[in-house]
Amino acid sequence: MSVIAYLKTQFIIHLLLGFVFVVSGICINFFQLCTLPIWPINKQLYRHLNCRLAYSLWSQLVLLLEWWSGTECTLFTNQATVDQFGKEHVIVILNHNFEIDFLCGWAMCERHGVLGSSKVLAKKELLYVPLIGWTWYFLEIVFCKRRWDEDRETVVNGLKALRDYPEYMWFLLYCEGTRFTEKKHRISMEVAESKGLPKLKYHLLPRTKGFTTTVKYLRGTVAAVYDVTLNFRDNKNPTLLGILHGKQYHADMCVRRFPLEDIPEDENECAAWLHRLYQEKDALQEQYVKDGTFPGQPIQPRRRPWAFLNWLFWVIVLLTPLFNFVFGVFVSGSPVVICSFLLFVGAASFCVRRLIGVTEIGKGSSYGNQEFKKRM
């Protein structure tokens, strides 16, 4: 093991990375709060500023994937589709099987200049997660409780508000509603059988309401739907903790572009289109399991330097005074000061670990277990 690889596994290094992310996140959230008075004066300027601020935070996570762990993302698509990336508003459909699937999606957003303006239909609980939810609030992310009778007005209003968004956005939908587990899959397929729908092997039954509503209210704004099917080479199941420890993975993403005019306007026909799409996604995963590759031309988008430069800026701004402070603490020789500092370090470590826990499959929501049972 090289010295650099060894350092990537050390707790103190992880703590420093967490310190930079958390403190810079608090600063960014404060700056976002300061932009609120701009909204009634110039809404589009507010949006431009918050895209830049959000990029400054999210790109630190992309840095962990691309620069820290060295994970690569290969696209399987065609050059005509890639040429459209970052040049149009789109809806992105991504399978929800892995702890870092969102991070691979963000890496593609970063490489095509839409990371700061990326959107998602997110569960309401994430709004209250420090840094993540707070940043999303200022970005006008659409939150839902995943109970349609309560969500309809909120979701519709949120989507309508994005129609005049000034920067190209990728609006991410996890149509399965929750992350894949064997238990959720078993219950989901029982529902599929009861409804006479084809069974899926690698996905949960898609929930159509969020997709059909998003297509309906963003029609005329978004130009296409990008269907993204993600898997990892060598049957790896990566985690954010693994990324933090410097483990390298290789993600393969099959990307297909569907012009929005090819998607039916009728709600029932649109829902049927989505079910057919997931049958195709299942077939793509089956091919990947057998052949170790997706169909299409393999393309590796060029990695940009901005995520690294942004992180380097925050490292210099935050770690320089931190090291001076730590030196002063231990030079003081005061047991009270030293103990207080160590308690702070312990609390910071706990908070960072809790943030990582948001992504863990084992700590995912029970939404899929309960909701599918209600639909049976």
Side-chain angles (χ1 to χ4, degrees), residues 21 54-55 57-77 81-82 85-86 90-122 126 132 136 169-176 178-180 202-204 225-257 281 284-285 288-289 292-304 306-308 311 355-356 358-361 364:
F21 179 75
Y55 176 87
L57 185 61
W58 299 148
S59 63
Q60 293 181 52
L61 297 178
V62 173
L63 174 130
L64 287 179
L65 184 78
E66 294 186 335
W67 296 81
W68 185 260
S69 79
T71 293
E72 280 293 344
C73 296
T74 299
L75 304 181
F76 289 81
T77 183
T81 296
V82 173
F85 288 175
V90 297
I91 297 168
V92 178
I93 297 175
L94 178 63
N95 55 304
H96 206 8
N97 298 68
F98 305 98
E99 289 186 10
I100 66 165
D101 46 33
F102 76 97
L103 205 48
C104 294
W106 275 359
M108 288 301 101
C109 288
E110 201 288 321
R111 293 190 183 194
H112 294 96
V114 292
L115 177 59
S117 58
S118 61
K119 308 297 179 189
V120 65
L121 182 61
L126 291 177
I132 298 173
W136 275 352
M169 62 178 176
W170 287 11
F171 193 101
L172 174 63
L173 290 176
Y174 286 116
C175 293
E176 294 161 270
T178 186
R179 189 175 277 119
F180 184 101
Y202 301 99
H203 301 85
L204 305 180
V225 169
Y226 293 170
D227 171 54
V228 182
T229 304
L230 168 69
N231 214 322
F232 288 87
R233 295 185 186 180
D234 303 318
N235 201 30
K236 294 288 182 65
N237 192 5
T239 65
L240 191 53
L241 277 176
I243 294 295
L244 194 59
H245 281 80
K247 292 183 180 179
Q248 185 177 29
Y249 305 99
H250 198 128
D252 288 329
M253 308 170 77
C254 181
V255 183
R256 300 182 296 164
R257 181 183 184 275
K281 289 171 74 69
L284 288 170
Q285 290 286 31
Y288 190 88
V289 170
T293 186
F294 287 120
Q297 175 187 355
I299 298 173
Q300 279 197 337
R302 182 175 56 87
R303 184 172 63 181
R304 308 192 311 166
W306 310 122
F308 177 78
W311 176 78
L355 283 173
I356 293 174
V358 173
T359 71
E360 293 179 348
I361 292 177

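Sequential numbering from 1 along the given sequence is applied to the chain's residues.
To the nearest 0.5 Å, the span separating NZ on K281 from SG on C254 amounts to 8.5 Å. Rounding to the nearest 0.5 angstrom, the gap separating the CG atom in L244 from the CG atom in L61 is 10.5 Å. L115 CG to L57 CG: the interatomic distance, rounded to the nearest 0.5 Å, is 9.5 Å. Taken from OH in Y55 to CD in Q60, the straight-line distance is 10.5 Å, to the nearest 0.5 Å. Atom CZ of F232 is separated from atom CE of M253 by 8.0 Å, given to the nearest 0.5 angstrom. For the atom pair K236 NZ and F98 CZ, the distance stands at 12.5 Å (nearest 0.5 Å).
The shortest side-chain heavy-atom distance between V255 and F76 does not fall under the 4.5 Å cut-off. Contact check for I299 versus T77: side-chain heavy atoms found under the 4.5 Å cut-off. Between P295 and L284, some side-chain heavy-atom pair lies under the 4.5 Å cut-off. Contact check for I93 versus V225: side-chain heavy atoms found under the 4.5 Å cut-off. Using a 4.5 Å heavy-atom cutoff, the side chains of V114 and M169 are not in contact. Taking 4.5 Å as the limit, some side-chain heavy atom of T229 sits within range of a side-chain heavy atom of F294.
Taking the six-membered ring where the residue is Trp, Y174 and H96 present parallel rings, their angle staying beneath 30° rather than reaching 60°. Between W170 and F85, the ring-plane angle classifies as perpendicular under the 30° and 60° cut-offs. Ring-plane geometry between W106 and F102 is classed as perpendicular, the angle between the planes exceeding 60 degrees on a 0 to 90 degree scale with a lower cut at 30.
Of the possible polar contacts, none joining the D101 side chain to the L94 backbone as a donor-acceptor pair under 3.5 Å is found. In this structure a side-chain-to-backbone donor-acceptor pair under 3.5 Å is present from R111 to P301. For the pair T239 (side chain) and G242 (backbone), a donor-acceptor distance under 3.5 Å is present. For K247 (side chain) and L240 (main-chain N/O), no donor-acceptor pair under 3.5 Å exists by modelled atom type. R304 contributes a side-chain N or O that, together with a main-chain N or O of E110, makes up a donor-acceptor pair within less than 3.5 Å.
Inspection of the Q285 and N231 side chains reveals an N or O donor paired with an N or O acceptor under 3.5 Å. Using a 3.5 Å distance cut-off with no hydrogens or angles, the side chains of Y288 and D252 do pair a donor with an acceptor. Side chains of T74 and Q300: a donor on one and an acceptor on the other come within 3.5 Å.
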May I have the step-by-step check of side chain to side chain contact (heavy atoms under 4.5 Å, CB included) for L230 and N97, ending in yes or no?
CA-CA 8 Å; L230 168 69; N97 298 68; over 6 Å; no

Given the rule in the side chain to side chain contact (heavy atoms under 4.5 Å, CB included) test, do F21 and L64 qualify, once you have shown the distances and angles that lead to the verdict?
CA-CA 11 Å; F21 179 75; L64 287 179; over 6 Å; no

Is there a side chain to side chain contact (heavy atoms under 4.5 Å, CB included) between I100 and L65 once you walk through the steps?
CA-CA 9 Å; I100 66 165; L65 184 78; 4.0 Å; yes

Determine whether V289 and Y202 satisfy the following criterion, side chain to side chain contact (heavy atoms under 4.5 Å, CB included), listing intermediate values before the conclusion.
CA-CA 10 Å; V289 170; Y202 301 99; 3.8 Å; yes

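Shown here for L126 and W136, the closest heavy-atom pair between the two residues is CD1-CZ3, 3.6 Å. The heavy-atom pair separating S118 from C109 by the smallest distance is CB-SG, 4.1 Å. Nearest heavy-atom pair, L204 versus E176, reported as atom, atom and distance to 0.1 Å: N-OE2, 2.8 Å. Among all heavy-atom pairs drawn from F308 and L63, the shortest one is CA-CD1, 3.4 Å. The shortest heavy-atom contact between A54 and G116 is CB-O, 4.0 Å. For the pair N95 and V228, the tightest heavy-atom approach, listed with the atom from each and the gap, is OD1-O, 3.4 Å.
Looking at E72 and R303, no side-chain N of the basic residue comes within less than 4.0 Å of a carboxylate O on the acidic one, giving no salt bridge.
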